A.B. asks: 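Sending over a structure as structure tokens; questions will come in a sec.
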Number of protein chains: 2
Amino acid sequence: MSPRIEIDRLFQALGDPTRRAIVDRLSLGPSSVSGLAAPLEITVTAVAQHLQVLEAARLVRTEKAGRVRTCRIAPEGFARLERWIADHRAQWERRLDRLGDVLAEDGDD
Amino acid sequence: MSPRIEIDRLFQALGDPTRRAIVDRLSLGPSSVSGLAAPLEITVTAVAQHLQVLEAARLVRTEKAGRVRTCRIAPEGFARLERWIADHRAQWERRLDRLGDVLAEDGDD
DNA sequence: TCATCGATGAAGTCATGACTTCACTATCAG
DNA sequence: CTGATAGTGAAGTCATGACTTCATCGATGA
């Protein structure tokens, strides 16, 4: 699967405040779907939809035991995210370095 | 201003592929608005709108000299982003640690 | 000075996406 | 079996947001 799409899903998933609230909650520990819905004051259906998005982005992993689905944080998505930021930071900082070489050619710090 | 809103703007800004393309481009070095528009095959107006979003999220800084507006990466937004991820990672990893004390098992990626 | 170029503002279109409700399935307790 | 519980699927509503076009403005160079 294209890495572009992957990153897309990641940022799109975290772009929604409700979904970030779910992530916040799951950072504290696993929860059921209805357990997530309660403090958010939205329907269980809505939460389930958000969970699909979060799972597709690999930010959350869920498994169903009996009739209850347990949701927990999935580190992969976050790792991917960190890498994206690190890559970009590296890119523009490298450029600033080269620029520094030219502008401050009589000895810099 | 609430930090929630700030993070919101950040993820929402990067949730759009076109805006990420702009960030990609600017990581390589500064550019004018029309310089950004050309490879994206959208109107200059559209790019200007995206730039407003990116500036509000502190991911990009722009300044106008004469009739040309020069756009460059702004590190603050990215720093904010990194901190958000680090905070969350810390939170759930701390929890896994406590759990690990009890269960003593597994390692992850 | 005048034509052009880079950018901006206003307003409209169109798709997407965050919800809801309602109907339904599957599990568990009595 | 019966009834409550946990979640899923389908379909509809409503707002937001990513574009466009058109008109305009200020800087610039011939």
Side-chain angles (χ1 to χ4, degrees), chain A residues 2 4-26 29-72 74 77, chain B residues 2 4-26 29-72 74 77:
Chain A
S2 166
R4 297 268 163 106
I5 310 250
E6 220 168 326
I7 287 287
D8 218 58
R9 289 200 183 150
L10 234 8
F11 280 114
Q12 224 164 349
L14 290 172
D16 182 80
T18 303
R19 274 192 296 262
R20 274 204 320 285
I22 293 178
V23 168
D24 284 1
R25 170 67 185 75
L26 290 179
S31 169
S32 68
V33 177
S34 39
L36 288 172
L40 293 176
E41 301 193 328
I42 57 177
T43 54
V44 195
T45 307
V47 173
Q49 288 167 354
H50 283 306
L51 284 171
Q52 282 182 11
V53 177
L54 288 169
E55 265 200 289
R58 301 197 186 279
L59 288 163
V60 162
R61 200 179 313 132
T62 79
E63 54 183 327
K64 197 165 183 176
R67 61 180 165 177
V68 59
R69 176 174 298 273
T70 304
C71 317
R72 41 174 52 84
Chain B
S2 166
R4 299 266 164 104
I5 311 250
E6 221 168 322
I7 287 287
D8 218 58
R9 290 202 182 146
L10 236 8
F11 280 115
Q12 224 163 352
L14 290 172
D16 182 80
T18 303
R19 274 192 295 262
R20 274 206 319 285
I22 292 178
V23 168
D24 284 1
R25 171 66 185 74
L26 290 180
S31 170
S32 69
V33 177
S34 39
L36 289 172
L40 294 176
E41 300 193 330
I42 56 179
T43 54
V44 196
T45 307
V47 174
Q49 288 166 355
H50 283 306
L51 284 171
Q52 282 181 12
V53 177
L54 289 169
E55 263 200 290
R58 302 196 184 281
L59 287 162
V60 163
R61 198 179 315 132
T62 80
E63 55 181 326
K64 197 163 181 177
R67 62 179 165 179
V68 59
R69 174 174 299 275
T70 303
C71 317
R72 40 174 53 85

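Note that the coordinates shown come from a computational prediction; the quantities given were computed from them, not determined experimentally. Note on naming: letters A, B, ... go to the chains in the order of the sequence lines (proteins, then strands), and numbering restarts at 1 for each one.
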A.B. asks: Roughly how far, to the nearest 0.5 Å, is CD1 of Ile22(B) from CG of Leu40(B)?
C.D. replies: 6.0 Å
A.B. asks: Do any N or O atoms of the protein come closer than 3.5 Å to N or O atoms of nucleotides 3-10 of chain C, and which pairs are they?
C.D. replies:
{"unit_1": "dC5(C)", "atom_1": "O2", "unit_2": "Arg67(B)", "atom_2": "NH1", "d": "2.6"}
{"unit_1": "dA7(C)", "atom_1": "OP1", "unit_2": "Val33(B)", "atom_2": "N", "d": "3.1"}
{"unit_1": "dA7(C)", "atom_1": "OP1", "unit_2": "Arg69(B)", "atom_2": "N", "d": "3.1"}
{"unit_1": "dA7(C)", "atom_1": "OP1", "unit_2": "Arg69(B)", "atom_2": "O", "d": "3.4"}
{"unit_1": "dA7(C)", "atom_1": "OP2", "unit_2": "Ser34(B)", "atom_2": "N", "d": "2.6"}
{"unit_1": "dA7(C)", "atom_1": "OP2", "unit_2": "Ser34(B)", "atom_2": "OG", "d": "2.4"}
{"unit_1": "dT8(C)", "atom_1": "OP1", "unit_2": "Arg69(B)", "atom_2": "NE", "d": "2.5"}
{"unit_1": "dT8(C)", "atom_1": "OP1", "unit_2": "Arg69(B)", "atom_2": "NH2", "d": "2.9"}

A.B. asks: With a cut-off of 3.5 Å and sequence neighbours excluded, list every side-chain donor-acceptor pair involving residues 42-52 of chain B.
C.D. replies:
{"unit_1": "Thr43(B)", "atom_1": "OG1", "unit_2": "Ala46(B)", "atom_2": "N", "d": "3.4"}
{"unit_1": "His50(B)", "atom_1": "ND1", "unit_2": "Arg19(B)", "atom_2": "NH1", "d": "3.2"}

A.B. asks: Measuring from Gln12(B):CD to Leu14(A):CG, what's the distance to the nearest 0.5 Å?
C.D. replies: 11.5 Å
A.B. asks: Return the minimal non-hydrogen interatomic distance between Cys71(B) and Leu36(B), and the atom names on each side.
C.D. replies: SG-CD1, 4.1 Å
A.B. asks: I'd like to check the side-chain hydrogen bond (donor to acceptor under 3.5 Å, both in side chains) partners of Glu55(B); sequence neighbours left out, ordered by chain and number.
C.D. replies: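 So Glu55(B) forms a side-chain hydrogen bond (donor to acceptor under 3.5 Å, both in side chains) with Thr62(B).
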A.B. asks: Tell me every residue that passes salt bridge (charged side-chain N to carboxylate O under 4.0 Å, His left out) with Glu41(B), counting only those two or more places apart in sequence or in another chain.
C.D. replies: none
A.B. asks: Can you measure Glu41(B) atom CD to dT20(D) atom P for me and round it to whole angstrom units?
C.D. replies: 11 Å
A.B. asks: What's touching nucleotides 15-17 of chain D from the protein side, N or O pairs under 3.5 Å?
C.D. replies:
none

A.B. asks: Could you give the distance from CZ (Arg58(B)) to CZ (Arg9(B)), rounded to the nearest 0.5 Å?
C.D. replies: 8.5 Å
A.B. asks: List in numerical order all residues of residues 53-60 of chain B for which some heavy atom is under 4.0 Å away from an atom belonging to DNA chain D.
C.D. replies: none
A.B. asks: Looking at every non-hydrogen atom in both residues, tell me the closest pair between Thr70(A) and Pro30(A) and how far apart they are.
C.D. replies: CG2-CB, 3.9 Å
A.B. asks: Taking salt bridge (charged side-chain N to carboxylate O under 4.0 Å, His left out) as the test, write out the residues that go with Arg61(A), two or more places apart.
C.D. replies: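 Glu76(A).
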A.B. asks: For Ile42(A) and Gly66(A), take the nucleotide of DNA chain C holding the closest heavy atom to each; which residue's nucleotide lies nearer the 5' end?
C.D. replies: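 The residue whose closest nucleotide sits nearer the 5' end is Ile42(A).
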A.B. asks: Angle between the two end axes of the helix from dT1(C)-dA30(D) to dG30(C)-dC1(D), five base pairs per end, rounded to 10 degrees?
C.D. replies: 30°
A.B. asks: Partners of Asp8(A) by side-chain hydrogen bond (donor to acceptor under 3.5 Å, both in side chains), sequence neighbours excluded?
C.D. replies: Arg20(B)
A.B. asks: Hey, could you give me the CG/CG distance between Leu54(A) and Leu10(A), rounded to the nearest 0.5 Å?
C.D. replies: 10.0 Å
A.B. asks: Keeping to residues at least two apart or across chains, list the side-chain hydrogen bond (donor to acceptor under 3.5 Å, both in side chains) pairs with something in residues 30-39 of chain B.
C.D. replies: none
A.B. asks: State which residues pass side chain to side chain contact (heavy atoms under 4.5 Å, CB included) with Arg67(B); sequence neighbours excluded, sorted by chain then number.
C.D. replies: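 None.
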